[in-house]
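Chain naming here is simple, since letters A, B, ... match the order of the sequence lines and numbering starts at 1 in each. Everything numeric here is computed off the predicted structure, so don't read it as measured data.
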Amino acid sequence: MGSRASSLLREEDIEEIKKETGFSHSQITRLYSRFHSLDKGENGALSREDFQRIPELAINPLGDRIINAFFPEGEDQVNFRGFMRTLAHFRPVEDNEKNKDPNSGEPLNSRNNKLLFAFRLYDLDRDDKISRDELLQVLRMMVGVNISDEQLGSIADRTIQEADTNGDMSISFSEFIKVLEKVDVEQKMSIRFLH
Amino acid sequence: AKAILGGSWWLANVLLGMWISVVLALTVLPAMFGLSLGFTDLYIKVLVKTLEWAALRIQRAQKVPKGDSSMEEEIVELRRMHPHPLTGGNFTLCDTFYFCKKGIESIVEDQVTQRFTSEELASWNLLTRTNNNFHYISMRVTIIWGLGVFIRYCILLPLRIILAATGLSWLVIGTTLVGILPNSNVKDRISDLLHITCYRICARGLSAKIHYHNKENHPKKGGICVANHTSPIDIVILANDGCYAMVGQVHGGLMGLIQRSMVRSCPHVWFERSEMKDRHAVAKRLRDHVADKTKQPILIFPEGTCINNTSVMMFKKGSFEIGKTIHPVAIKYDPQFGDAFWNSAKYSMVAYLLRMMTSWAIVCNVWYLPPMSQQDGEDAVNFANRVKSAIAHQGGLVDLSWDGGLKRGKVKESYKEAQQKMYSSMIVGH
């Protein structure tokens, strides 16, 4: 007996995921159950279609971009490690984590990494810059047919103007961080995970 | 030696025959008169005590109630700390945070896909099938579990199969025979008695303990009864307390045989597959049936598919356009004794029935709600939602607007378009 779904997940794997993502043991087994239930093909990996099957995600205007964030460049499948790594960005920041071992590297759910997640949502071609064109495309996803090209264009122009400090007509990651420095990223880009 | 072997076989056969006769007599006769000998009640009592004694109470984290803030409130919150734009539309780079958060939340847990698989239990009920997240195992629990397996598979299962087979075969034979009689009051009464008896036998075959509430609201002739749908067993549950005209698609095989014989003794509404596509034809047939006050109330499950009994999903408006009194009924199964939900993607009908017959029991509550009618100026969709809310409220189920058809199909684009429209109004302010 024992948990059927997590019997496919070994203790060593759980420990590694724990170290990498900071999730607790029970959170990992719970999310593994969820991963397993989404994996209709039962091949240990999720495809884009598996995500699209979630109705609330399918109607999210940025649904496709969010799904894309799970898949490494050029790949069509994401395994459980990758799934957890991406979800880890949304783990709430706890105070007692601030005094962690400096050699362990920046945690996946740091303010910086949360902002990086959001930045990559805009950066369609992954060249570390948000161009006017990319901004327009993402805006179009969010507003659908309800705003004209001209109006959307001027919104994009104004946004870039405000953020662009080095005059290259695009937004780099450091410019992105600067513009959003007063926004409570830790709270707004975190979700509650049940224990 | 051969004689002894032959003799013992004969003896075994006789004993088996006697045992079956006793069992049938003790269940069939009371079923005909709607009496209960109290076996099932006693069994349930013993079961509850046993489960409590062996129960593993796992502390489950309380579901954190999600803040019910709207898109507008959330995005205004986000923008509060951001320097305000001077001209043009009202857009900020952090607006995407709202959609990200909602998207990731739905990936971790969503309101819809969880309705198409069995409900998780708070504590284990000693059935292997529900043992998903419970790790602690002790010797005493293992022993009780083993005993449970023996009782359920070796004692209860054969008994239940015999009862179910008896109930169904009597239904087929009996209705065919009744069909020979000329139409009359006597025929109707015999048909009703026959239907109820057979359904009661089937209910015994599932060790079903049903508690009916508010019987004064029982659906009347010429009315339409609507209920939430969890499994084909819902029909047995409801038909134990009254006679209904069933509505459904014509099937082949055993189901088809049962359908054809049932309709000989009293009118049911069976549709060919092709007929179901024509909504007007369907509505007309239902309307004609309901207009005849001598016919039994029709039984419809407006969700159109089986849901896992934790929520009620969108009611299709078809039944609510007929214009007659609706009698809502709420059915809630107690998952502690057996999971009644039919996950048709995972189990065939036969596999499902076997699962039912190897559960502890089927325990459920049925509430008859006061009749409802379409109000002036209320369209069918709103009426359907009103009835759905009433049923959800009574049964303690979550009231969802999502379509049960999402079990197999894609969600409509119009929902995404609605979100986009809402967000656009936040940018340009109209």
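Considering only heavy-atom pairs separated by less than 4.5 Å from chain B, the leading option among A:Ile130, A:Leu135, A:Ile54 is A:Ile54. Between chain A and the options B:Ser414, B:Gly103, B:Cys100, B:Ala418, the largest number of non-hydrogen pairs under 4.5 Å is found for B:Cys100. Among A:Phe70, A:Phe51, A:Tyr122, the residue making the largest number of heavy-atom pairs under 4.5 Å with chain B is A:Tyr122. Most heavy-atom pairs under 4.5 Å with chain A, from the set B:Gln419, B:Glu413, B:Glu417, B:Lys412: that is B:Gln419.
Note that CD1 of B:Ile107 and CG of A:Asp50 are 11.5 Å apart. Values are rounded to the nearest 0.5 Å. Separating the CD1 atom in A:Ile147 from the OG atom in B:Ser424 is a distance of 4.5 Å, to the nearest 0.5 Å. Here the CZ atom belonging to B:Phe91 is positioned 10.5 Å from the CD atom belonging to A:Glu162, to the nearest 0.5 angstrom. How far CZ of A:Phe117 is from OG1 of B:Thr96: 9.5 Å, rounded to the nearest 0.5 Å.
Residues A:Leu121 and B:Phe99 form no side-chain contact, since every pair of their non-hydrogen atoms from C-beta on lies 4.5 Å or further apart. Two residues are said to be in side-chain contact when any heavy atoms from C-beta on lie closer than 4.5 Å; B:Leu93 and A:Ile171 meet this criterion. Counting heavy atoms from C-beta on, the side chains of A:Val185 and B:Phe97 come closer than 4.5 Å. The side-chain heavy atoms of B:Val112 and A:Glu56, taken from C-beta on, include a pair separated by under 4.5 Å. At least one side-chain heavy atom of A:Leu87 sits less than 4.5 Å from a side-chain heavy atom of B:Val108. Here the side chains of A:Asn146 and B:Tyr423 are not in contact, with every heavy-atom distance at 4.5 Å or above.
No more than 12 heavy-atom neighbours from other residues, nucleotides or ligands sit within 6.0 angstrom of CZ on A:Arg120. Summarising the local packing, NZ of A:Lys129 is surrounded by 12 or fewer heavy atoms from other residues, nucleotides or ligands at distances under 6.0 Å. By the 6.0 Å contact criterion, CD on B:Glu72 is open, its count of non-hydrogen atoms from other residues, nucleotides or ligands being 12 or less. Heavy-atom neighbours of B:Lys416 NZ from other residues, nucleotides or ligands within 6.0 Å: above the threshold of 12.
Residues A:Lys188 and B:Lys101 share a closest heavy-atom pair of O-CD, 3.3 Å. In terms of heavy atoms, A:Ile191 sits closest to B:Glu105 at CG2-CG, 3.6 Å.
Of the possible donor and acceptor atoms, none in the side chain of A:Arg53 sits under 3.5 Å from a partner among the backbone N and O of B:Thr113. With hydrogens and angles disregarded, no donor-acceptor distance shorter than 3.5 Å links the side chain of B:Tyr415 to the backbone of A:Pro55.
Contacts of A:Thr86 with chain B are absent, with no heavy-atom separation under 4.5 Å from either backbone or side chain. Heavy atoms closer than 4.5 Å to chain B are found nowhere in A:Phe35, neither backbone nor side chain. Heavy atoms of A:Leu152 lying under 4.5 Å from chain B are absent altogether. With a 4.5 angstrom heavy-atom cutoff, A:Leu115 touches chain B only via side-chain atoms. Interface remark: A:Met142 contributes backbone and side-chain atoms alike to the contact with chain B (heavy atom separation under 4.5 Å).
Contacts between residues 58-66 of chain A and chain B, counted as heavy-atom pairs separated by less than 4.5 Å, involve A:Ala58, A:Ile59, A:Asn60, A:Pro61, A:Leu62, A:Ile66.
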